[in-house]
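Data block below; observations after.
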Amino acid sequence: MTATAGCGGDAADGDDPIRVAQIVSLTGNYSPLGSENQKSVALAVKQINDAGGVGGRRIELTVRDDKSLPDQAVLAFNEVKGDADAIIGSPFSNSALATIPLVDREKIPYLSLTPADEQVKPIHPYVFVVPATAGTYAEATLQYLKATGVSRLAVAFDTRSSYANAGAKGLKDKAAAYGVTLAPIEEFQTSATEFGAVFTHVRSSPAQALMVWATGAPAVALTKQYAASGLKIPLVMTGSQASKLFLDPAGPAAEGVTIASSIGVVGNALPAGPQKAAIDELATAFTAAHGYPPPQFAQDGYSGVKLLAAAISKAGSSDRAKVRDALEGLTLTTPNGAYKYSATDHSGLTTDYIAITTVRDGGFVPTDYSKAKLR
């Protein structure tokens with residue numbers, strides 16, 4: 001599957017197209033995330049190409065399905081590595097982590113669309129993460145809990161997900177600094193469908209809120225069961241639920257759930273300025289094309305293409321090493337926030353670009369805490 005795209009600037013490698021490969025979960029458990037990634041990557045590519053390309057060079061996009069399986073991500077990488085100037089990586093953390101050793105060896109700029117911290121801690125020279133990392137989400141949530149007087153937090157996380165493991169670790173590493181005690185800490189697996197034992201343990205604890213780290217079906221099942229459990233403390237979730245792909249199947253059970261999300265999810269609450277303009281650029285075109293606002297995963301894909309195009313323009317070339325160097329010094333505002341990549345930071349986003357939202361009437365609205373920060 002191929003397409004073509006671009007943006008202004010210098011990319012003086014003749015008239016040859018800029019070859020970008022996307023490894024994405026189009027089938028399997030993570031296809032709801034991957035399908036939104038792919039829609040927004042294709043949209044960004046089209047917009048850039050329609051505007052004349054990067055320095056007059058069009059982007060040629062090749063897409064490979066990792067089938068939500070790490071070994072398939074490795075196979076996909078090996079298929080495209082010889083022809084790609086850069087790669088946009090999988091939304092499935094386990095797939096991305098399986099691919100990174102190959103990125104290190106082949107030295108191809110790799111923009112990952114999954115937030116697992118292990119991709120950038122330690123730094124891998126050619127790996128750059130687009131979503132805020134799980135650890136950043138954890139810290140943003142702890143900041144919110146401290147501000148709202150929550151000092152005891154129950155945690156449940158999917159031990160089969162690198163993203164969820166990184167989020168739980170981020171909470172454990174930083175909870176004490178924010179005066180938050182974590183207990184109980186409950187583990188489950190991606191295949192879990194029943195969460196009664198988790199709720200029983202939470203009910204018998206002094207926890208003032210429950211934070212869940214999960215992606216896909218387990219998050220929906222847990223939310224529905226939580227609504228029927230009789231527990232009254234807040235249920236807190238993450239950017240993996242900042243989408244109609246969670247809201248639609250969860251239905252009324254999602255009302256009132258607290259979700260830490262990309263700032264782009266609540267772009268309509270932002271004041272006028274560069275950040276809102278970046279969000280609106282995506283939201284207007286994506287909504288027109290697909291009939292609904294761009295979810296978290298669409299913002300990630302769109303931001304990834306924007307970051308890559310800006311780096312190629314800055315480098316004046318699609319040479320892999322030059323693009324890597326340009327990414328490492330890049331500052332750019334996208335729907336996800338204002339990135340500042342550096343030699344010591346390949347994630348680029350801070351907690352300032354995570355909004356704490358509440359589900360209300362089937363949509364996301366910023367909490368009073370975030371409203372104050374967004375002004």
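Note that the coordinates shown come from a computational prediction; the quantities given were computed from them, not determined experimentally. Computed from heavy atoms alone, side chains included, the values below leave out hydrogens, waters and symmetry copies.
In the hydrophobic clustering of ILVMFWY residues, with side-chain heavy atoms under 4.5 Å counting as a link, Val305 and Phe128 come out together. The hydrophobic clustering, which links ILVMFWY residues whose side-chain heavy atoms are closer than 4.5 Å, places Leu61 and Leu111 together. Val359 and Met211 are not part of a single hydrophobic cluster, where members link through side-chain heavy atoms under 4.5 Å apart. Under a hydrophobic-cluster definition in which Ile, Leu, Val, Met, Phe, Trp and Tyr are linked whenever side-chain heavy atoms come within less than 4.5 Å, directly or via other members, Val236 and Leu142 are assigned to the same cluster. Val180 and Leu210 fall into different hydrophobic clusters, defined by Ile, Leu, Val, Met, Phe, Trp and Tyr side-chain heavy atoms under 4.5 Å apart, directly or through other members.
Put simply, OG on Ser90 and CG on Asp65 are 9.0 Å apart, with the number rounded to the nearest 0.5 Å. In this structure, Gln38 CD and Leu113 CG are separated by 11.0 Å, a value rounded to the nearest 0.5 Å. Thr62 contributes atom OG1, which lies 11.0 Å from atom CD1 of Ile88 (distance to the nearest 0.5 angstrom). Note that CZ of Arg105 is 14.5 Å distant from OH of Tyr126, once rounded to the nearest 0.5 Å. Remark: Ile87 CD1 to Gln22 CD distance equals 11.0 Å, nearest 0.5 Å. Going from atom CG of Leu307 over to atom CG of Leu330 covers 6.0 Å, rounded to the nearest 0.5 Å.
Side-chain atoms of Ile279 and Gln299, non-hydrogen and from C-beta on, never get closer than 4.5 Å to each other. Residues Tyr226 and Leu231 form a side-chain contact, since some pair of their non-hydrogen atoms from C-beta on lies under 4.5 Å apart. In this structure, the side chains of Ser68 and Thr27 stay at 4.5 Å or more apart for every pair of heavy atoms. Side-chain contact between Pro295 and Phe286 is present, with at least one heavy-atom pair separated by less than 4.5 Å. Under the 4.5 Å side-chain criterion, counting only non-hydrogen atoms from C-beta, Ile100 is in contact with Gln119. Within the 4.5 Å cutoff, side-chain heavy atoms of Arg203 are placed close to those of Ser229. Gln241 has its side chain out of reach of Val257: every pair of non-hydrogen atoms, C-beta onward, lies at least 4.5 Å apart. Side-chain contact between His346 and Val129 is absent, with no heavy-atom pair separated by less than 4.5 Å.
No side-chain donor-acceptor contact under 3.5 Å links Thr334 to the backbone of Ser303. With Gln225 contributing its side chain and Phe195 its backbone, the two residues share a donor-acceptor pair below 3.5 Å. With hydrogens and angles ignored, the 3.5 Å screen pairs a side-chain donor or acceptor of Ser40 with a backbone N or O of Glu36. Under the 3.5 Å distance criterion, the side-chain polar atoms of Ser35 are matched with a main-chain donor or acceptor of Pro32. A donor-acceptor pair under 3.5 Å is formed between the side chain of Glu255 and the backbone N or O of Asp361. A distance-only check finds no donor-acceptor pair linking the side chain of Ser262 to the backbone of Gln296 [under 3.5 Å].
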Atom pairs and distances, side-chain donor-acceptor, residues 263-271, under 3.5 Å, sequence neighbours left out:
none

Distance-only check: which donor-acceptor pairs under 3.5 Å involve side-chain atoms of residues 212-224, not counting sequence neighbours?
residue : atom : partner : partner atom : Å
Thr215  : OG1  : Ser240  : OG           : 3.3
Thr223  : OG1  : Ala219  : O            : 2.7
Lys224  : NZ   : Pro249  : O            : 3.0

Residues 165-172, side-chain donor-acceptor partners within the protein, below 3.5 Å, at least two apart:
residue : atom : partner : partner atom : Å
Asn165  : ND2  : Thr159  : O            : 2.8
Asn165  : ND2  : Ser161  : O            : 2.9
Lys169  : NZ   : Asp173  : OD2          : 2.7

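Asn336 and Asp300 share a side-chain donor-acceptor pair at under 3.5 Å.
Applying the salt bridge (Lys or Arg N to Asp or Glu O under 4.0 Å) definition to pairs two or more places apart or across chains, those involving residues 72-99 are Arg19-Asp85, Arg64-Glu79, Lys81-Glu106. Among pairs with a residue in residues 228-262, none fulfils ring-ring contact (aromatic ring centres under 6.0 Å, His included), at least two apart in sequence or across chains. Counting only residues at least two apart or in different chains, salt bridge (Lys or Arg N to Asp or Glu O under 4.0 Å) contacts with residues 188-199 are absent. Applying the side-chain hydrogen bond (donor to acceptor under 3.5 Å, both in side chains) test to every pair with at least one member in residues 139-156, sequence neighbours left out, gives these pairs: Glu139-Lys174, Glu139-Tyr178, Gln143-Tyr178, Gln143-Thr351, Ser151-Gln208. Contacts classified as salt bridge (Lys or Arg N to Asp or Glu O under 4.0 Å) and involving residues 86-103 (residues at least two apart or in different chains) are not found.
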Test side-chain contact (heavy atoms from CB on, under 4.5 Å) on Thr258 and Ile356 and set out the steps. CA-CA 7 Å; Thr258 300; Ile356 308 298; 3.6 Å; yes
side-chain contact (heavy atoms from CB on, under 4.5 Å) assessment of Ile18 paired with Ile312: CA-CA 9 Å; Ile18 297 164; Ile312 293 170; 3.6 Å; yes
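Residue Leu245 belongs to a hydrophobic cluster whose other members are Tyr30, Leu33, Phe92, Phe297, with links defined by side-chain heavy atoms closer than 4.5 Å.
The two residues Ile123 and Ala343 come nearest to each other via the heavy atoms CG1-O, 4.1 Å. Val323 approaches Leu308 most closely through the heavy-atom pair CG1-CD1, 4.0 Å. For the pair Leu247 and Gly362, the tightest heavy-atom approach, listed with the atom from each and the gap, is CD1-O, 3.3 Å. Closest heavy-atom contact between Leu26 and Gly34: CD2-O, 4.0 Å. Residue Ala311 comes nearest to Ala326 through the heavy atom pair O-CB, 3.3 Å, listed as atom of the first residue, atom of the second, then distance. Closest approach of Thr133 to Ser347, counting heavy atoms only: CG2-CB, 3.6 Å.
If you run side-chain hydrogen bond (donor to acceptor under 3.5 Å, both in side chains) between Thr190 and each of Asp158, Asn94, Asn29, only Asp158 comes through.
Counting non-hydrogen atoms of neighbouring residues, nucleotides and ligands closer than 6.0 angstrom, the CZ atom of Arg160 reaches no more than 12 such neighbours. Annotation for Lys67: atom NZ does not count as buried by contact number, only 12 or fewer foreign heavy atoms lying within 6.0 Å.
Under the rule for a ring pair (Phe, Tyr, Trp, His ring centres under 6.0 Å), the partners of Tyr339 that lie at least two apart in sequence or sit in another chain are Tyr341. With sequence neighbours excluded, the residues satisfying salt bridge (Lys or Arg N to Asp or Glu O under 4.0 Å) with Glu281 are Lys306. Glu328 is linked by a salt bridge (Lys or Arg N to Asp or Glu O under 4.0 Å) to Arg324, counting only residues two or more places apart in sequence or in another chain.
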